2 protein chains.
Amino acid sequence: MDVNMAKLDELDLKILQELVADSSQSIPKLSKKIDVNTSVVYSRIKRLVRRGIIKRFTVEVDESQLGYTVSAYVGVNTDSKKRDSVRTGIMGIPEVRELAEVTGRFDFLVFLRAKGLEELHNVISQKIGMIDGVEHTETFISMRQESKGPEI
Amino acid sequence: MDVNMAKLDELDLKILQELVADSSQSIPKLSKKIDVNTSVVYSRIKRLVRRGIIKRFTVEVDESQLGYTVSAYVGVNTDSKKRDSVRTGIMGIPEVRELAEVTGRFDFLVFLRAKGLEELHNVISQKIGMIDGVEHTETFISMRQESKGPEI
DNA sequence: ATTGAAACAACTTGCAG
DNA sequence: CTGCAAGTTGTTTCAAT
């Protein structure tokens with residue numbers, strides 16, 4: 001939120017950028033690279049974590065190597081009285097990765113992954129389609145995907 | 001891809017799960033937690049990185065605290081002869097975070113973030129809309145968003 | 001907030017079994 | 001894969017600025 005928006009200086013942004021690119025590099029190495037005192041980098045990172053600007057340290061996993069070879073977006077329309085329970089139901093489906101409540105033609109846009117087209121079809125028609133309150137779905141199978149990190 | 005799909009055992013998956021949740025925990029601590037010899041955890045992680053199953057160590061940034069308070073999906077239709085240049089053009093827009101080439105009503109689904117509704121409008125109408133080959137766009141402003149990690 | 005260094009703690013590698 | 005030793009490296013603390 002705007003009111004909670006921390007003032008970040010150039011150094012904070014530089015550190016964020018470096019950690020997004022590679023959070024496994026050690027802080028002494030990082031501080032040498034950006035030519036800033038190690039103690040400062042330590043305390044800046046702690047502050048970024050404390051403020052929640054860094055939400056977590058994690059790894060990016062190649063899900064296709066875990067067998068999830070198909071991904072799709074699904075637009076979902078619901079009975080507006082049942083929006084909340086539909087959201088909960090959708091988030092309970094293991095294949096679902098992201099759900100956005102949106103303006104426009106759909107009520108939700110859902111991103112999900114499946115281990116093949118058959119499983120994708122099954123998830124959409126049997127899992128999403130069967131949730132009470134779901135009135136209509138429209139599927140966009142992703143043939144190719146590119147992503148970028150946050151703009152820092 | 002299926003042919004390159006590595007065989008991952010329970011231990012590999014457990015390690016991945018732990019690192020997705022928190023990649024800043026040290027390997028000795030992680031190995032104690034899951035009760036596996038430290039040397040084994042070291043070599044498994046190296047193998048996961050070598051195989052590309054772990055794509056990178058990174059941090060998750062709260063972009064709303066960087067001022068990106070508005071996010072949206074945009075469906076894009078293009079002149080099919082100009083698809084490739086449109087893709088390149090869209091990926092060149094700083095606010096764009098993800099682009100998927102999809103089947104169905106749209107040719108692309110684009111996810112982006114902006115620092116306010118005015119900037120969102122500007123990005124869509126002035127940046128995306130002005131790309132040669134873009135014929136139509138449809139905007140879905142995200143009012144609320146939930147995401148989950150990979151299913152491991 | 002930053003610096004620099006000391007004291008402390010922890011990680012990483014290599015190897016024999 | 002195990003367990004450990006040796007070597008290396010990271011982390012905290014603090015007095016001074």
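Every chain is numbered from 1 and lettered A, B, ... according to where its sequence line falls, protein lines coming before strand lines. From a predicted model like this one, the values you see are computed outputs, not experimental measurements.
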With sequence neighbours excluded, tell me which residues meet salt bridge (charged side-chain N to carboxylate O under 4.0 Å, His left out) with A:D132. A:K82
Kindly write out the residues that satisfy salt bridge (charged side-chain N to carboxylate O under 4.0 Å, His left out) with B:R44, not counting sequence neighbours, or none if the list is empty.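 With sequence neighbours excluded, B:R44 shows a salt bridge (charged side-chain N to carboxylate O under 4.0 Å, His left out) to B:D9, B:D12, given in chain and number order.
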In sequence, state the C-alpha distance, the side-chain angles, and the governing distance for B:R105 and B:E138, and then conclude on salt bridge (charged side-chain N to carboxylate O under 4.0 Å, His left out). CA-CA 10 Å; B:R105 180 194 299 276; B:E138 184 170 336; 5.3 Å; no
Given side chains that start at C-beta, do those of [X] and [Y] come closer than 4.5 Å, heavy atoms only?
| X | Y | answer |
| --- | --- | --- |
| B:T78 | B:I131 | no |
| B:Y73 | A:Y73 | yes |
| B:R56 | A:V20 | yes |
| B:V41 | B:L11 | no |

Ordered by number, residues from residues 20-30 of chain A within less than 4.0 Å of DNA chain D (heavy atoms) are A:S26, A:I27, A:P28
Counting only heavy atoms and a strict 4.0 angstrom limit, can you tell me which residues of residues 35-48 of chain A come near DNA chain D? A:S39, A:Y42, A:K46
For atom CE of A:M143, decide whether the heavy atoms of other residues, nucleotides or ligands shown that lie under 6.0 angstrom number more than 12.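 Atom CE in A:M143 is not packed in, count stays at 12 or less.
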Can you give me the bend angle of the helix from C:dA1-D:dT17 to C:dG17-D:dC1? Use the axis through the first five pairs and the one through the last five, nearest 10 degrees.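 Roughly 30°, once rounded to the nearest ten degrees.
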Might you point out which heavy atoms bring [X] and [Y] nearest each other, and give the distance in Å?
| X | Y | answer |
| --- | --- | --- |
| A:I90 | A:F108 | CD1-CD1, 4.4 Å |
| A:E98 | B:S147 | OE2-CB, 3.5 Å |
| B:L13 | B:I152 | O-CG2, 3.3 Å |

Nucleotide range of DNA chain D lying under 4.0 Å from chain B heavy atoms: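 Answer, 5' to 3': D:dC1 to D:dC4.
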Taking NZ, NE, NH1 and NH2 as the nitrogens, is one of them in A:E63 or A:R97 under 4.0 Å from a carboxylate oxygen of the other? yes
